Amino acid sequence: MTPPEAGATGASAKVADGLAAVSSCPEILRKRADFLKAARAKRQGAPAFMLQARKRAPEEAPGRVRIGYTCSKKVGNAVARNRAKRRLREIARAVLPHHGRPGWDYVLIGRKDATAKRPLPRMIEDLERALAQVHR
RNA sequence: GCGGACGGCUGGAUGGCCGCACCCUUCGGGGUGAGGAAAGUCCGGACUCCAUGAAGCGACGGUGCCGGGUAACGCCCGGGCGGGGCGACCCGACGGAAAGCGCCACAGAAAACAGACCGCCUUCGCCUCGUGCGAGGGUCAGGGUGAAACGGUGGGGUAAGAGCCCACCGCGGGCCUGGCAACAGGACCGGCACGGCAAGCCCCACCGGGAGCAAUGCCGAAUAGGGAUCCCGCGGGGCACGGACCCCAAGGCGGCUUCAGCCCAGGGAUCCGGGUUGGCAGCAAGACCCCGUCCGCAAGGGCGGGGCUAGAUGAAUGGUCAUCCACGGGGGCAACCCCGGGACAGAAUCCGGCUUACAGGCCGUCCGCGCAC
């Protein structure tokens with residue numbers, strides 16, 4: 001019943017390293033107004049998603065990295081939308097603690113089929129590159 | 001064994017690591033977390049608000065063989081009738097056409113108080129004396145048309161025919177028997193009247209008020225309609241006038257009527273306070289699930305015991321790795337190896353149904369054919 005130990009412990013050690021580097025836990029965007037503001041700011045395309053990013057004014061919610069997700073009906077039915085949103089959440093969880101800047105709002109927008117099909121490691125690279133573009 | 005009918009179940013499994021939402025916590029952690037359809041939003045309810053109450057009528061909408069089940073239903077079960085299939089079984093918009101209106105294309109002589117094209121029979125007249133022509137009468141068996149032609153088949157009968165007469169079948173009527181009923185069976189009477197469509201209007205019976213959890217209630221923040229209370233004030237009469245008081249109207253409150261109840265034109269003051277955004281409640285213990293037992297052919301119901309089973313709101317229920325399980329392709333005699341790869345689909349107030357989508361797999365009952373005994 002018990003699977004091989006060696007591989008599992010190796011993987012867990014690697015991820016524990018990653019966790020130690022987390023600076024601040026990103027906050028989820030929920031208000032429609034925040035999404036509308038982000039949509040008017042900078043945007044950067046990627047094969048499996050679109051990134052929108054905005055540096056907030058100093059008085060609103062200082063210090064935090066904030067992230068939101070959008071999957072419209074263009075992405076597909078409810079199952080496809082939920083799946084796309086979860087994959088976007090997954091890459092944000094991997095990338096944002098290292099590359100997100102405090103005081104910024106980010107919004108990830110899903111694409112039909114591509115968001116569900118592109119391999120996750122490639123999407124992580126895509127997001128790192130897109131963040132670098134937006135911060136420049 | 002092959003082909004088929006019906007009913008039910010399942011909807012990848014286990015583990016490691018990293019996450020998300022909610023609940024509990026002794027703050028170490030622990031627990032729970034999508035479906036059979038969560039879907040379509042097509043029916044029926046619960047719940048909430050709105051409409052003054054009761055009865056009747058009307059309008060509109062729905063349902064439509066009978067009995068039962070249910071909170072209720074357009075659902076389910078059992079039965080009847082009609083149709084399909086060798087059969088297991090399946091299908092059915094299945095009340096009324098002697099209340100009325102309307103329609104019945106094309107074809108056909110004729111499509112609804114029947115009618116007479118060809119034909120059949122016959123009377124009279126005429127002549128060219130014929131299987132002739134003309135006029136009249138009797139007919140609907142035969143012809144052809146159609147979805148449908150005013151009962152069908154056989155016999156008698158006749159000038160030829162015809163329910164004209166008879167037998168059987170069909171149809172109608174009341175009666176008897178069985179059944180709670182739909183309905184079925186029987187003998188009797190009637191020579192046949194009543195074509196079809198109600199999925200065109202309609203009639204009959206039964207049911208139904210409207211809107212929906214973005215309902216609705218509460219809390220906090222900025223501005224106008226509305227409501228409550230008080231004051232002034234309003235038709236006629238009782239008093240000669242005015243006021244107070246009393247009585248009586250008129251008018252208003254559902255589509256209409258009756259009864260009951262309530263309100264009174266207009267002006268002023270005070271108080272409460274709408275839509276919107278955010279938060280909280282509604283919001284998960286229920287026509288609930290499981291087991292046993294009794295009643296019932298069944299749907300289902302009674303009793304007893306046990307269980308607590310998602311609660312998000314830009315909306316959690318995931319990502320990844322390993323092994324296994326289906327499945328597809330390739331290689332190999334084979335064990336096996338390699339590659340691909342997981343149906344339909346995601347709760348949003350909650351239940352009972354219906355409908356639609358669905359890879360593959362499993363179980364049970366039954367039918368037909370073939371083989372063996």
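Computation of the quantities below employed the complete heavy-atom set of this structure, encompassing side-chain atoms and omitting hydrogens, waters and symmetry-equivalent molecules. In this text, all values refer to a predicted model and were calculated from it rather than measured experimentally. Quick note on labels: first sequence line is chain A, next is B, and so on, each numbered from 1.
Considering K37(A), R54(A), Q52(A) in turn, R54(A) is the only one that fulfils the side-chain contact (heavy atoms from CB on, under 4.5 Å) rule with D105(A).
Comparing the same atom, P, in G36(B) and in C351(B) gives a spacing of 11 Å after rounding to whole Å. C253(B) and A99(B) have their P atoms separated by 44 Å, given to the nearest Å. Comparing G30(B) with G19(B), their P atoms are spaced 14 Å from each other, to the whole Å. A distance of about 14 Å separates the P atoms of C76(B) and A299(B), rounded to the whole Å. Comparing the same atom, C1', in C47(B) and in G33(B) gives a spacing of 27 Å after rounding to whole Å. Comparing the same atom, P, in G96(B) and in C192(B) gives a spacing of 27 Å after rounding to whole Å. Using atom C1' as the reference point in both C75(B) and U63(B), the two lie 13 Å apart (nearest Å). Rounded to whole Å, the separation between the C1' atoms of A46(B) and C362(B) comes to 39 Å.
Although no hydrogens or angles enter the test, the distance criterion places a donor-acceptor pair under 3.5 Å between the side chain of R81(A) and the main chain of G76(A). When atom types are taken as modelled, the side chain of R83(A) and the backbone of A116(A) share no donor-acceptor pair closer than 3.5 angstrom. Checked by atom type and distance alone, the side chain of Y106(A) pairs as donor or acceptor with a backbone atom of R101(A) at under 3.5 Å.
Residue N77(A) places no side-chain N or O under 4.0 Å from the OP1 or OP2 atom of A39(B). The side chain of R86(A) contributes an N or O atom lying less than 4.0 Å from OP1 or OP2 of U317(B). A close approach under 4.0 Å does not occur between any side-chain nitrogen or oxygen of R81(A) and OP1 or OP2 of A315(B).
G28(B): glycosidic angle within 90° of 0, hence syn. The glycosidic torsion of A34(B) lies within 90° of 0, placing the base in the syn range. Annotated as syn: G36(B), whose glycosidic dihedral is within 90° of 0.
Picking from G319(B), G314(B), A315(B) the nucleotide with the shortest atom distance to the side chain of T70(A) gives G314(B). When each of G19(B), A34(B), A315(B) is scored by its nearest atom to the side-chain atoms of R93(A), the top-ranked nucleotide is G19(B).
As the counterpart of G134(B), C124(B) is assigned, both hydrogen-bonding distances of the Watson-Crick or G-U wobble pattern falling under 3.5 Å. For G78(B), the paired nucleotide is C66(B), the pair qualifying as Watson-Crick or G-U wobble because both relevant distances are below 3.5 Å. Both distances falling under 3.5 Å, in either a Watson-Crick or a G-U wobble arrangement, place A46(B) opposite U349(B).
By the criterion of a centre-to-centre distance under 5.5 Å and near-parallel planes under 30°, the ring of F35(A) forms a stack with the base of G314(B).
R87(A) has no carboxylate O lying under 4.0 Å from a charged side-chain N of E90(A), or vice versa, which leaves the two without a salt bridge.
Note: CD (E90(A)) to P (A316(B)) measures 14 Å, nearest angstrom.
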